[in-house]
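Side chains are part of it too, since the values below use all heavy atoms of this structure and drop only hydrogens, waters and symmetry mates.
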Amino acid sequence: MAITNKTVLITGSNRGIGRALVEEALKRGAKRVYAGARKTIRHPDKRVTSVALDVTSASQIQRAATEIDTLDILINNAGVAIYDDLSNFEVIEQHLAVNFFGPLNMSRAFLPLLTRSKGAIVNNLSLAALAALPVIPAYSVSKAAALSMTQSLRAVLAGQGVMVHAVILGPIDTDMNRGFEIPKASPESAAAGIFDGMERGEEEIFPDPASQSIAEAWRTGAAKALERQFAALVQAPAKSPL
C-alpha cells in the first residue's frame, strides 16, 4: 500500500521511530497524519493533527476512534522497554499493557474505519519477538505475544481486506536503545524501510540492516510455513469477532 493521499494514525509519535514515521509519511504525500502521543505535539505541517493518546487508556482510545472519521493506515508504534529479570510482576504487566494490549485495543477500536477503507495495520515489533533478549525479558515476552497477535489478526482480517504487517526492528538509535553499545540504524532509515515494505506488500517488514540479515531465513523458514498452514484453517467471517 502506497502512502500517497492516505490518512495515517501513528502512536508514540513524539520521538524516535514514531516521529520519523510522521516525517516520512508527510514526505511520501500522506493526506492526513494523526500524531498520537501521551502529550499533544505541535507540528508546522497543517496535514498533521495531534492526538492525545495513551495506548493503555481505554477512554483515550475510544475518544480518538470517535474523533477520527476516516483512516487508511494504523501504525502501532508506542512501546516500552525496561531492564528486568522477570522477578517484578508489575514490570511484566507494564510491558504487556503497552506492547501487547495497546496495539490490540487500538486495532479493535479502529477496525471499522480500516475495514471501510480496506486499509492496513502495522505493528512495530522487534527481533526480540523472535528470540528473547535476556537483558529485557519482559519486553521480549510482550513482543513475542504481539507477534502472535499480529499473525492471528492477519488471518482473521484477511477476508475483510485489511492487511496486517509485522515490523521486525533491529537496534535503532532511539532513547529505548540507549545503553546498548552496538551498531544501530537511524530512526529515519527505519521509517523509510517500514513504508517501503508496506508498498511492497510484505507481511513481515525488515527495515534495518540487523533485521534484514535474517529476513530471507524467516520468510522461507518453518515458522512462516506453519503460519500460512494455520491461517488456511480460518474461514473469512461475515462479521469480525473483534
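- Between the Ser117 side chain and the Leu113 main chain, a donor and an acceptor come within less than 3.5 Å of each other.
- Its side chain within the 4.5 Å cluster rule, Trp218 clusters with Leu125, Leu127, Leu130, Leu147, Ile168, Phe206, Ile214 among the Ile, Leu, Val, Met, Phe, Trp and Tyr residues.
- Rounding to the nearest 0.5 angstrom, the gap separating the CD1 atom in Ile121 from the CG atom in Asn123 is 7.0 Å.
- Leu111 and Met163 fall into different hydrophobic clusters, defined by Ile, Leu, Val, Met, Phe, Trp and Tyr side-chain heavy atoms under 4.5 Å apart, directly or through other members.
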Practice item. Go through the steps to decide whether Val8 and Arg32 satisfy the test side-chain contact (heavy atoms from CB on, under 4.5 Å), and finish with yes or no. Key: CA-CA 6 Å; Val8 187; Arg32 171 68 59 189; over 6 Å; no
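- Between Arg28 and Asp196, at least one side-chain N (NZ, or NE/NH1/NH2) sits under 4.0 Å from a carboxylate O, which counts as a salt bridge.
- To the nearest 0.5 Å, the span separating CG on Asp84 from CD on Gln94 amounts to 10.0 Å.
- Not counting sequence neighbours, Thr40 has no partner by the side-chain hydrogen bond (donor to acceptor under 3.5 Å, both in side chains) test.
- Using a cutoff of 4.0 Å between basic side-chain nitrogens and carboxylate oxygens, Lys27 and Glu24 are scored as salt-bridged.
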Practice item. Please assess Val33 against Thr49 for the test side-chain contact (heavy atoms from CB on, under 4.5 Å), listing each intermediate value before the final yes or no. Key: CA-CA 6 Å; Val33 178; Thr49 299; over 6 Å; no
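- Within the 3.5 Å criterion, the main-chain N or O of Glu202 finds a donor-acceptor partner in the side chain of His165.
- Closest of all the heavy-atom pairs between Ile41 and Ala35 is CD1-CB, 3.7 Å.
- Residues Arg228 and Gln151 are not in side-chain contact: their nearest non-hydrogen atoms beyond the backbone lie 4.5 Å or more apart.
- Of the possible polar contacts, none joining the Ser148 side chain to the Ala145 backbone as a donor-acceptor pair under 3.5 Å is found.
- Atom CG in Asn76 sits 8.0 Å away from atom CG in Leu9 (nearest 0.5 Å).
- Contact detail for Ala190 and Pro207: the closest heavy-atom pair is O-CB, 3.6 Å.
- Looking at Leu169, Asn99, Thr11 one by one, the single match for side-chain contact (heavy atoms from CB on, under 4.5 Å) with Asn124 turns out to be Leu169.
- In terms of modelled atom types and a separation under 3.5 Å, the side chain of Arg47 and the main chain of Lys31 share no donor-acceptor contact.
- Considering only heavy atoms from C-beta on, Ile194 comes within 4.5 Å of Ile17 through its side chain.
- More than 12 heavy atoms of other shown residues, nucleotides or ligands fall within 6.0 angstrom of atom CZ in Arg200.
- Looking only at side-chain heavy atoms (C-beta outward), Ile205 and Met198 come within less than 4.5 Å of each other.
- Side-chain contact between His43 and Ser50 is absent, with no heavy-atom pair separated by less than 4.5 Å.
- Between the side chain of Asp72 and the backbone N or O of Lys6 there is no donor-acceptor pair closer than 3.5 Å.
- Shown here for Ala20 and Pro187, the closest heavy-atom pair between the two residues is CB-O, 3.4 Å.
- Side chain of Arg38 to main chain of Ala52: no donor-acceptor pair is present (N/O by atom type, distance under 3.5 Å, no hydrogens or angles).
- Minimum heavy-atom separation, Ser211 to Gly170: CB-N, 4.0 Å.
- Of all the heavy atoms in Ala65 and Ala109, the pair that sits closest is CB-O, 3.9 Å.
- Between His95 and Val141, the closest side-chain pair of non-hydrogen atoms is not below 4.5 Å.
- Atom CZ of Arg219 has more than 12 neighbouring heavy atoms from other residues, nucleotides or ligands inside a 6.0 Å radius.
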Check your understanding: Going through the checks in order, is the side-chain hydrogen bond (donor to acceptor under 3.5 Å, both in side chains) test met by Arg15 and Thr174?
Key -> CA-CA 8 Å; Arg15 60 182 181 174; Thr174 64; over 6 Å; no
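- Between Tyr34 and Thr7 the shortest side-chain heavy-atom distance falls below 4.5 Å.
- Under a 3.5 Å cut-off, the side chain of Thr150 and the backbone N or O of Ala166 do not form any donor-acceptor pair.
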Practice item. Start with the C-alpha gap between Glu188 and Arg19, add the side-chain angles, then the distance that decides, and say whether salt bridge (charged side-chain N to carboxylate O under 4.0 Å, His left out) holds. Key: CA-CA 9 Å; Glu188 293 76 18; Arg19 183 164 56 192; over 6 Å; no
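- Between the CZ atom in Phe101 and the CG atom in Leu96 there is a gap of 6.5 Å [rounded to 0.5 Å].
- Distance check: Asn105 CG to Gln60 CD gives 13.0 Å after rounding to the nearest 0.5 Å.
- The two residues Ser13 and Val22 make their nearest non-hydrogen contact at CB-CG2, 3.8 Å.
- Distance check, rounded to the nearest 0.5 Å: CD1 of Ile172 to OG of Ser189 gives 6.0 Å.
- Remark: side-chain polar atoms of Ser57 are not paired, donor with acceptor, to backbone N or O of Asp54 under 3.5 angstrom.
- In this structure, Val167 and Val122 have side chains that are in contact, with non-hydrogen atoms separated by less than 4.5 Å.
- The shortest distance between side-chain heavy atoms of Leu74 and Ser107 falls below 4.5 Å.
- Judged by distance alone, the side chain of Lys118 and the main-chain N or O of Gln160 form a donor-acceptor pair under 3.5 Å.
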Review point. Please walk me through it: do Asn14 and Lys39 pass side-chain contact (heavy atoms from CB on, under 4.5 Å)?
Key: CA-CA 8 Å; Asn14 58 314; Lys39 295 182 178 180; over 6 Å; no
